[in-house]
Structures are given as C-alpha cells and as structure tokens.
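These numbers come from the heavy atoms of this one structure, side chains and all, not from hydrogens, waters or symmetry mates. Quick caveat, the model's predicted, so the values are computed rather than measured.
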Amino acid sequence: MPYMAMSPDTVKWSVARPFTTEGTELTKGVVIETNRLYTVGNFWGDDRAGRLFYDGDSGSPGYRHMTEGVMGEAHALAGLCVRIGDRLFAMGTNVEAAEWEAIAQVPRMPW
C-alpha cells in the first residue's frame, strides 16, 4: 500500500481551512441571494392562482415551503462545512500535541 505523508500543518491549513472558507462563503452567498429574492416582493399576486403557487395545493408544497427548505438546507450545509473545517483543524492540532508528548517521553541517551 502506498504511503501518503501528511503533516499536521497540511491538515490544518491545506485541508481544514478550505472547508471553513467555503462554508463561510456559502453562508454569505445564501444571505445575499435570499435578500435579492425578497426584494422582488410578492410576484405571485393575491389571486387564487398566486396563492396556490405560494402555498401549494392538495399536499403539494408551494413556493414558500420550497424556498424555506432550500434556505434551511443551504445554511445547514454551510454550517456543516465550517464544523468539518474546525474539527479537521483540531485534529491537526491534536496530532502536533501528541507528537510533542511522544518526543518528551523519549529517553535520553547517555553519552
């Protein structure tokens, strides 16, 4: 089996940080696009067809339900990315601490 060398710094900065960055950027994007969507206003109207479009009908979800779901899921995904990045960063930090602990316990050679 091939060996892949990966240092704690690689885990922290090359693997973990992109997750955090992408999660943060996704959150910003969702907020920006949500705000743009809300500025459009009530484009479906107040007539029966508009209410059916917005609220749904006969167990079929409408626009409101679907947009709330998309926004909630996008925020959940963004939060997940940030949490994965945070945990990967902690893993790299823990490996560093374990390496230093192991080095501290290596017996000194009597010269």
> Who passes ring pair (Phe, Tyr, Trp, His ring centres under 6.0 Å) against Trp44, sequence neighbours left out?
Replying inline: Tyr54, Tyr63
> Is Asp46 salt-bridged to Arg51, cutoff N-O under 4.0 Å?
Replying inline: no
Show me, pair by pair, the donor-acceptor contacts under 3.5 angstrom made by side chains of residues 15-35, not counting sequence neighbours?
from  : atom 1 : to    : atom 2 : distance (Å)
Thr21 : OG1    : Arg17 : O      : 3.0
Thr24 : OG1    : Thr20 : O      : 2.9
Glu25 : OE2    : Lys28 : NZ     : 3.4
Thr27 : OG1    : Gly23 : O      : 3.0
Glu33 : OE2    : Arg36 : NH1    : 3.0
Thr34 : OG1    : Val30 : O      : 2.6
Asn35 : ND2    : Val31 : O      : 3.3

> Does atom CZ of Phe43 have more than 12 heavy-atom neighbours, drawn from other residues, nucleotides or ligands, at distances under 6.0 Å?
Replying inline: yes
> What are the two closest non-hydrogen atoms of Pro8 and Val95, and how far apart are they?
Replying inline: CG-CG1, 3.6 Å
>> On a heavy-atom basis, which atom in Leu52 and which in Arg48 lie closest, and how many Å separate them?
In response: CD1-NH1, 2.6 Å
> Between Ser14 (side chain) and Val11 (backbone), is there a donor-acceptor pair under 3.5 Å?
Replying inline: no
> Between Arg87 (side chain) and Arg83 (backbone), is there a donor-acceptor pair under 3.5 Å?
Replying inline: no
> For atom CE of Met91, is the number of surrounding heavy atoms from other residues, nucleotides or ligands below 6.0 Å larger than 12?
Replying inline: no
> Are Leu88 and Val82 connected, step by step, through hydrophobic side chains (Ile, Leu, Val, Met, Phe, Trp, Tyr) whose heavy atoms are closer than 4.5 Å?
Replying inline: no
> Which atom pair, heavy atoms only, marks the closest approach of Met66 to Pro61?
Replying inline: SD-CG, 3.7 Å
